[in-house]
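Accompanying notes for the structure given below.
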Amino acid sequence: MMKKKSKIRLYAGQELLAGLSWKLKESQAHYLLNVMKLDSGDSFLAFDGKNGEFECELAEVSKKSLCAKVLKKTRDFAACPDIWLLFAPVKKDQTDFIIQKAVELGCSVIQPVITMRTIAGKTKTERFVAQSIEACEQCRRVDLPEIREAQPLGRIIETWDKSRILYFMDETGAGTDVVRAFDPKAESAAVLIGPEGGFSPEELEILRKKDFAAGVSLGGRILRAETAVAAALSCWQALVGDWKRS
Ligand code: SAM
């Protein structure tokens, strides 16, 4: 039996509407022609992060310029739940994994945070944006997460909007277990994951005193930061977010 090939999906980087023709960027043209081996007349899916997803057709193939015609809408725009991920960057491969999983698990905002024990060097926002777009293309999201510049934890806490609950994953075991901690009515929330070295006692003390913050335990085993990201977001989506079917 022939394996069904899934349709190629691309972030357009510009607004799409049925009937419109658009000129593809060089990198998009390279991907469709040279990597995916499409030809003129071949169709693919594109989304713009605003109007939804569309079936498009390669209209004109030349080395210099490549245009696509937007044929019809295939899916309406839908935003992911209002869950933010705040994470302390770790080593490169693990941070890449965190960005990819945060997108697949439906985060609306991804915010790198510099904590006392964060050892990762300069965070590369542009790289995170490119990775997040690739993950959206793969997982069929029609919205894009907002990727923010890294900020120190202290500044994030000082400027926090108190109407959004900040769940910090506390590896010391002092937090509430995750099933009880995640409030099903708090649909605007954020989860905060510490670095490989964990939060410092001073950071935990500050977080514990804030009314808008709640400590959460993910069980008795110490998880790697990237595992904690995936576990916390999965639990939130199951208990509060869009994995729950009412
Ligand atoms: N170095 C720390 C230690 O040995 O205790 C472990 C830090 S852990 C690798 C990185 C982050 O993942 C933690 O700061 C925390 O946010 C989260 N985490 C890991 N395991 C957890 C657990 N069982 N409960 C809650 N958070 C956890």
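Values in this document were obtained by computation on a predicted structure and should not be read as measured data. Just so you know, ligand 1 is whichever comes first in the structure, and atom 1 is the first atom listed for that ligand. For the single chain, residues carry numbers from 1 onward in sequence order.
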Trp160 CH2 to Lys210 NZ distance, which is reported to the nearest 0.5 Å: 13.0 Å
Side chain, backbone, both or neither: the part of Thr227 lying under 4.0 Å from ligand 1 by heavy atom: neither
Nearest-contact summary for atom 12 (O) of ligand 1 - protein heavy atom, Å: Ala228 CB, 3.5 Å
Taking atom 14 (O) of ligand 1 as the reference point, the nearest protein heavy atom with its distance: Glu171 OE1, 2.9 Å
Distance from atom 11 (C) of ligand 1 to nearest protein heavy atom, with residue and atom: Gly194 O, 3.5 Å
Same apolar cluster: Ile147 and Ile133, side chain cutoff 4.5 Å: yes
Residue and atom name of the nearest protein heavy atom (relative to atom 4 (O) of ligand 1), distance in Å to one decimal: Ile222 CG2, 4.3 Å
More than 12 heavy atoms of other groups within 6.0 Å of Asp211 CG: no
Pair Gln14, Asp48: side-chain N/O donor-acceptor within cut-off below 3.5 Å: no
N/O separation below 3.5 Å, Gly219 to ligand 1: yes
From Leu153 atom CG to Thr118 atom OG1, the distance as rounded to the nearest 0.5 Å: 8.5 Å
Which of the ligand 1 atoms, numbered from 1, are nearer than 4.0 Å to a heavy atom of Val216: 25 (C)
Nitrogen or oxygen of Leu192 less than 3.5 angstrom from that of ligand 1: no
Protein contact to atom 16 (O) of ligand 1 [nearest heavy atom, distance to 0.1 Å]: Met169 O, 2.7 Å
Heteroatom distance test (Gly220, ligand 1): nitrogen or oxygen, under 3.5 angstrom: no
Flag for Asp177-Ser217: side-chain donor and acceptor within less than 3.5 Å: no
side-chain contact (heavy atoms from CB on, under 4.5 Å) partners of Glu196, counting only residues at least two apart: Val90, Arg224, Ala225, Glu226
Atoms in ligand 1 with a heavy atom of Gly198 nearer than 4.0 Å: 1 (N), 7 (C), 14 (O)
Heavy-atom nearest neighbour in the protein, as seen from atom 1 (N) of ligand 1, with distance rounded to 0.1 Å: Glu196 O, 2.8 Å
Polar side chain donor-acceptor pair, Thr74 to Lys7, under 3.5 angstrom: no
Residue portion contacting ligand 1 (non-hydrogen atoms closer than 4.0 Å) for Arg221: backbone
Pro195 near ligand 1 by a heavy-atom separation under 4.0 Å: yes
Side chain proximity check, Leu32 to Ile8, heavy atoms < 4.5 angstrom: yes
From CA spacing to verdict: ring pair (Phe, Tyr, Trp, His ring centres under 6.0 Å), Phe54, Phe47: CA-CA 6 Å; Phe54 296 81; Phe47 65 104; over 10 Å; no
Shortest protein contact, atom 8 (S) of ligand 1 (heavy atom only): Leu223 O, 3.3 Å
Polar atom proximity, Ile193 to ligand 1 (N or O, under 3.5 Å): no
Donor + acceptor pair across side chains of Ser43, Glu57 (<3.5 Å): no
Any Thr172 heavy atom less than 4.0 Å from ligand 1: no
Any N/O pair Leu218/ligand 1 closer than 3.5 Å: yes
salt_bridge(Lys37, Asp42) N-O dist < 4.0 Å: no
Polar atom proximity, Arg224 to ligand 1 (N or O, under 3.5 Å): no
